[in-house]
Amino acid sequence: MQKTFQIKSVNRARIYPLGVSFEEDGLRVSAVCEGIEETGLLLYDRRHRDGVRIPFPENCRVGAVYTMLLSGYHDKTCSYLFYRGEEVYQDPCCKRVCNPYGYGVPKSDLPRCQPAAETYEWGDDKNVHIPYEEMLIYALHVRGFTKHRSSGVKWKGTYAGVTEKIPYMQELGVNMALLMPCYEFDEIMPENTAQTMEQAILTYMQELPSADEKEKKKPRINYWGYQPGLYYVPKSAYAHSKDAAGEFKDMVRAFHKAGIGVSMQFYFPPEMRAVEILNILKHWVLEYHIDGFHLMSAALPTELIAGEPLLAETMLLTGDGNVRTGDGKTRNMGHLSDGFLYDMRRFIKGDDNMINQFLFHLRENKDEIGIVNSIARWDGFRLADLVSYDRKHNEENGENNRDGIDYNCSWNCGVEGKSRKKSIQELRLRQMKNAMTVLLMSQGTPLFYSGDEFANTQGGNNNPYCQDNDTTWIKWNQTEAGRELFAYTKFMIGMRKAHRILHSRTLLRGIDTLSCGFPDISFHGREAWRPDTSSASRCMGIMYCGFYAVDEEQEEERFFYIAVNMHWQMDYLGLPKLPKGKLWTYAASTGKEIPEIEEDASSQEICVPARTIVMCTTKDVPVETEKAGRKKSKKSRGDEKE
């Protein structure tokens, strides 16, 4: 061995980073190796196709870290594993993986690691910084996003396939893609050793399946990927080429060129060391130009991560709403909670005693942390299923429908599952529009799950963690209702982005701090300025005053009035009187009915149909026209009373 490899010790200053990489004078190997058994490198190359063991010399250890240099070694085609006694394992800090297995194929051998590739040419690309108030998050599963036959892309289910769909995301108007776990993990789930009742009966009857039958059985897939893995490298099975790292970087660069940031989900087990988590995040920011993370762990070192200077402009989304980041100027931490999701679902379906929760979530905003809202996510019902199913339908998961959340705050609109009734279809479409409106008109950052914008369905499965098929893949062959929902969502996103008052950086306080005669946000009932917040109330008018969004670079903003009626009967809401020269005008509605509002009216009441949200805005008009409109409005109300 000594004749084949010349092993040298490494200067202490070169111990980190951990992993295996080529340097000018050879191959540097650095790893944490605990225990008393012999540990070392198992190297594969053209001369050692079956692998050669190279133990770490004892004089190459500092603490529990071993480092050595294979002097003069420069075979760029080599691959490697680590060993400890008889155990062989992958390098947890490896930067590339040689994985010859396709997605969902059981692995007979452990995929080997490879040293880092040559430097990638990023050109003028750089990280995108999008503050929470400007952000619109679009969550997607890299494989499921384009795997369906209707996706229309060349490289289905890959990073390249996602890249082909970037123009679609540009058209929709989102500006931050959130990728579900796409670091290297093994999607093949281990066999469950616990027996089901059916298996126990077969055992008793000595009629267990034969070995051939077991081989024919397809392995269970961990489609979501919320599990530990090789955190420093992109998942190779999501790439169409052999260079997963290069293909991933091509995707990130294409996103940035389109003005869209890229963020990633990471699951860390509770025992994961805080410093290691921090190193992983910094690696993806520096090596892959990632713009944000959604971090999942039972023991996340949030304050340590929030205080890292390198991540000062990186979106750091967690489930902890109490994190403090110091001065509050960068606001890199964000909170994704279930509060908005469940309360708004209950409000939209018309539950009692939800009006105050609705008003709270509508304006919730914090200076020191971003608030991220969602109506439907990767876990739970899709938006279309939320209005089509009262109960979960997870039978295909193989757990007798016992998995997944039992109560989803959903409503099937009168029929469980698919329906050909036009009235049911129209009501479901209206409810989905209501959900999108509430999400986009709230002050927090909206988060969508891909496909919800055109009513993609999972057939009532609210926990498809093991479904790599049409259940979870996005079906791009949209229905007529899906196309209408997409157009409406696109319109509402454009409306939000165009008017700062709809996505303020600071909390809307509900008081007149400008002495302009109007608060930044106000609430209204059947009479203007008199909201009904009783437990039975399901109707509310919300007015945003655009004066509070004006700065030196922006002209005077408009007023917005959102008339919300989640009752099963129509109702009236009072429209506040506007300043001279401004009149209310219709902007959009979630229903097909034309709302009873006259564009020439300055102050009146608006008729809001059942389970409908109507948006009004303002237009500038001459004072003479405004007076004529008021007279016409009074006359029409008198005729209606007669």
Side-chain angles (χ1 to χ4, degrees), residues 139 141 180 223-224 226 265 267 294 296 298 318-321 335-362 364 371-419 424 427-439 442 444 446-452 455-467 471-472 535-538 564 566-568 611:
H141 188 284
M180 292 178 68
Y223 176 75
W224 283 350
Y226 297 125
Q265 287 185 338
Y267 166 78
H294 177 205
M296 302 176 177
T318 73
D320 186 354
H335 176 223
L336 175 63
S337 72
D338 292 336
F340 182 97
L341 183 145
Y342 286 111
D343 286 345
M344 289 305 199
R345 285 182 178 186
R346 292 183 61 194
F347 175 72
I348 290 169
K349 75 187 185 76
D351 283 1
D352 281 333
N353 202 28
M354 295 305 302
I355 194 69
N356 287 297
Q357 285 83 349
F358 165 68
L359 297 180
F360 168 77
H361 291 298
L362 190 77
E364 186 183 14
I371 300 298
V372 178
N373 301 324
S374 64
I375 287 287
R377 300 197 296 255
W378 43 91
D379 54 341
F381 277 151
R382 298 277 64 76
L383 180 59
D385 297 339
L386 194 64
V387 300
S388 303
Y389 296 92
D390 279 353
R391 304 179 304 278
K392 64 182 181 181
H393 296 268
N394 300 354
E395 291 80 5
E396 292 184 359
N397 295 350
E399 299 182 34
N400 296 321
N401 205 32
R402 292 175 296 186
D403 62 308
I405 301 171
D406 290 324
Y407 183 57
N408 298 273
C409 301
S410 60
W411 178 46
N412 63 19
C413 296
V415 175
E416 186 75 0
K418 295 181 179 179
S419 175
I424 298 294
L427 178 56
R428 288 175 176 175
L429 176 59
R430 182 180 305 207
Q431 287 290 80
M432 287 188 287
K433 287 183 177 180
N434 288 338
M436 285 296 189
T437 305
V438 166
L439 180 63
S442 298
L447 184 150
F448 310 89
Y449 188 78
S450 55
D452 280 350
N456 186 65
T457 177
Q458 290 178 172
N461 193 324
N462 75 349
N463 189 41
Y465 69 97
C466 58
Q467 299 294 330
T471 299
T472 51
S535 61
S537 176
R538 295 170 175 83
V564 180
M566 293 297 102
H567 202 278
W568 44 90
R611 301 190 186 279

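Nothing here was measured: the structure is a model prediction, and the numbers come from that model.
- With sequence neighbours left out, the side-chain contact (heavy atoms from CB on, under 4.5 Å) criterion links Glu399 to Arg220, Asp403, Tyr465.
- For the atom pair CZ of Arg611 and CG of Asn434, the computed distance is 9.0 Å after rounding to the nearest 0.5 Å.
- Scanning for side-chain contact (heavy atoms from CB on, under 4.5 Å) contacts around Ser410 gives Phe381, Leu386, Asn408, with sequence neighbours left out.
- Taking the side chain as every heavy atom from C-beta outward, Leu336 and Met296 never approach each other to under 4.5 Å.
- With rounding to the nearest 0.5 angstrom, the OG atom of Ser374 is 4.5 Å from the CG atom of Leu341.
- Using a 4.5 Å heavy-atom cutoff, the side chains of Ile405 and Asn463 are not in contact.
- Between Val387 and Cys413 the shortest side-chain heavy-atom distance falls below 4.5 Å.
- Every side-chain hydrogen bond (donor to acceptor under 3.5 Å, both in side chains) that Gln265 has, sequence neighbours left out, goes to Tyr226, His294.
- With sequence neighbours excluded, no residue satisfies salt bridge (Lys or Arg N to Asp or Glu O under 4.0 Å) with Asp390.
- Closest of all the heavy-atom pairs between Gln431 and Ile348 is NE2-O, 3.2 Å.
- Side-chain contact between Ile375 and Phe448 is absent, with no heavy atoms from C-beta onward closer than 4.5 Å.
- Of the possible donor and acceptor atoms, one in the side chain of Arg428 sits under 3.5 Å from a partner among the backbone N and O of Asn412.
- Interatomic distance, CG of Leu439 versus CG of Asn373, reported as 6.5 Å (0.5 Å rounding).
- Residues Met344 and Leu362 share a closest heavy-atom pair of CE-N, 4.0 Å.
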Please walk me through it: do Gln357 and Arg346 pass side chain to side chain contact (heavy atoms under 4.5 Å, CB included)?
CA-CA 10 Å; Gln357 285 83 349; Arg346 292 183 61 194; over 6 Å; no

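- Applying the side-chain contact (heavy atoms from CB on, under 4.5 Å) rule to Ala139 yields the partners Leu178, Trp378, Leu447, Tyr449; only residues at least two apart in sequence or on another chain are considered.
- Scanning all heavy atoms of the two residues, the minimum distance from Tyr223 to Pro464 falls at CD2-O, 4.1 Å.
- The ring pair (Phe, Tyr, Trp, His ring centres under 6.0 Å) pairs that include a residue from residues 394-417 number zero, where partners must be two or more places apart or lie in different chains.
- From Arg538, atom CZ reaches atom CD1 of Ile355 across 9.5 Å, with rounding to the nearest 0.5 Å.
- Going from atom OG1 of Thr472 over to atom CH2 of Trp224 covers 10.0 Å, rounded to the nearest 0.5 Å.
- Side-chain N or O atoms of Asn394 include one that pairs as donor or acceptor with a backbone N or O of Asn462 at under 3.5 Å.
- The closest donor-acceptor contact from the side chain of Asp385 to the backbone of Gln458 lies under 3.5 Å.
- Across all non-hydrogen atoms, the minimal contact from Asn401 to Lys392 is O-CE, 3.0 Å.
- Looking at Phe358 and Val564, their side chains come closer than 4.5 Å, going by heavy atoms from C-beta outward.
- Smallest separation of non-hydrogen atoms from Ala384 and Asn456: CB-O, 3.6 Å.
- Rounding to the nearest 0.5 angstrom, the gap separating the CD1 atom in Ile424 from the OG atom in Ser388 is 10.0 Å.
- Remark: aromatic rings of Phe347 and His361 are distant, center separation not under 6.0 Å.
- Here the closest heavy-atom approach between residue Gln467 and residue Asn397 is recorded as NE2-OD1, 3.0 Å.
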